[in-house]
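Comments concern the structure below.
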Amino acid sequence: MKQKEMKIIVAVIAIILLVGAIIIFTKGLSFDLMYKDSKRVELNLGKTFEEKDIKQITNEVFGKQQVIIEPIEVYRDAVSITTTDISEEQKTNLLTKINEKYEIELSADNITIEEIPNVRGRDIIKPYIIPFVVVTIIILGYLVIRYNKLNLLEVLTQSIGVIVLSQLLLLAIMAITRIPVGAFTIPIILIVYLFSTFICTCKFEKDLEKSLNSKEK
């Protein structure tokens, strides 16, 4: 890769990291509904239902609000509806439509709206910190053993640098694009982590091959 191309790539990465950092400190990351402050209502229908029917009703009641619909109870005759906010008017409208659809008589007086507090980002990643650190130590140990004929300090610093940079870049991109932190965030982080270690391995393999060839000559 030419020096000019490398400078352009470095400049682009630096801009992404800078813009991402500014957005994180000013607006924070975007979170999926399952991690936001939200409200939930549980309705016992007394009969089985299709989620698509409930979804159609919630679309009419809540409009563009994000909604999570979850069947509850063993016989799937009750439903949990979670959304960003549920006003008394929306609650009444929801019950009216549910009663009409399933020919039941749910009363607003017997239905409570539960407030769900937000989940902090640190609490989401906390269970993964120790496994992540252990796996990283094992990988670094392997790289040191595998490429012991290279400069070990460079192997360690470059490996750690690529791993950390890739995660920071992912975080910045999520902040800029407003991709919400949700169920797929951890798998994406792991994919980026594996890809970054793969890049390191490929580079060190080339460096090792060049080193061995130079010694043979």
Side-chain angles (χ1 to χ4, degrees), residues 16 19-129 132 167-193:
I16 292 174
V19 174
I22 293 172
I23 293 175
I24 289 174
F25 282 110
T26 55
K27 298 177 63 176
L29 291 171
S30 175
F31 284 82
D32 196 49
L33 179 60
M34 62 190 298
Y35 297 126
K36 288 181 179 178
D37 286 321
S38 57
K39 292 184 179 180
R40 179 170 62 199
V41 60
E42 295 183 357
L43 306 175
N44 189 354
L45 307 181
K47 57 180 70 177
T48 56
F49 61 90
E50 294 288 338
E51 287 187 41
K52 62 180 182 179
D53 295 330
I54 301 295
K55 183 63 177 176
Q56 182 178 354
I57 291 174
T58 56
N59 286 342
E60 295 173 2
V61 174
F62 301 111
K64 295 183 179 180
Q65 289 180 214
Q66 187 181 357
V67 177
I68 296 176
I69 299 169
E70 297 176 299
I72 53 178
E73 303 296 343
V74 177
Y75 301 104
R76 294 172 62 90
D77 57 355
V79 62
S80 167
I81 299 173
T82 305
T83 186
T84 50
D85 188 34
I86 305 176
S87 65
E88 286 299 322
E89 181 181 353
Q90 288 173 325
K91 174 183 171 182
T92 301
N93 195 13
L94 175 66
L95 291 177
T96 299
K97 292 181 179 296
I98 291 288
N99 286 335
E100 290 176 355
K101 175 67 178 179
Y102 295 99
E103 299 179 346
I104 54 180
E105 297 181 357
L106 294 175
S107 172
D109 296 333
N110 298 325
I111 303 297
T112 57
I113 299 174
E114 181 183 1
E115 294 192 7
I116 311 297
N118 71 297
V119 179
R120 296 178 301 177
R122 71 188 72 172
D123 294 329
I124 298 173
I125 65 172
K126 188 175 180 179
Y128 303 94
I129 292 177
F132 185 85
Q167 295 299 324
L168 291 177
L169 195 57
L170 173 62
L171 192 64
I173 291 173
M174 290 182 65
I176 294 170
T177 59
R178 307 312 292 165
I179 296 175
V181 176
F184 296 103
T185 300
I186 297 300
I188 291 174
I189 289 174
L190 291 176
I191 290 172
V192 172
Y193 177 81

Interatomic distance, [X] atom [atom1] to [Y] atom [atom2] [nearest 0.5 angstrom]:
X	Y	atom1	atom2	result
T48	D77	OG1	CG	8.0 Å
L170	I16	CG	CD1	11.5 Å
I81	K91	CD1	NZ	12.5 Å
E114	I86	CD	CD1	10.0 Å
T112	R40	OG1	CZ	10.0 Å
I98	N93	CD1	CG	10.5 Å

Residue pair [X] / [Y], side-chain heavy-atom distance below 4.5 Å:
X	Y	value
N59	V67	no
F31	V119	no
Y128	L190	no

What heavy-atom pair brings [X] and [Y] nearest, and what distance separates the two atoms?
X	Y	value
V79	I72	N-CG1, 3.8 Å
L106	N44	CD2-O, 3.5 Å
I22	T26	O-OG1, 2.7 Å
A175	G20	CB-O, 4.0 Å

Original post:
Considering the options T83, D32, T84, which one meets the side chain to side chain donor-acceptor pair (under 3.5 Å) requirement together with Q66?
Top reply: D32

Subject >> Passing option when I57 is tested against K97, K52, E100 for side-chain contact (heavy atoms from CB on, under 4.5 Å) >> reply: K97

Solution key, residues 179-187 side-chain donor-acceptor pairs under 3.5 Å, sequence neighbours excluded:
| unit_1 | atom_1 | unit_2 | atom_2 | d |
| --- | --- | --- | --- | --- |
| T185 | OG1 | G182 | N | 2.7 |
| T185 | OG1 | G182 | O | 3.2 |

Subject >> All side chain to side chain donor-acceptor pair (under 3.5 Å) counterparts of Y35, not counting sequence neighbours >> reply: none

With sequence neighbours excluded, tell me which residues meet salt bridge (charged side-chain N to carboxylate O under 4.0 Å, His left out) with [X].
X	result
K101	none
E51	R76
D85	K39

Original post:
In chain order, what residues pass the side chain to side chain contact (heavy atoms under 4.5 Å, CB included) check against I68, with sequence neighbours excluded?
Top reply: L33, M34, E70, T82

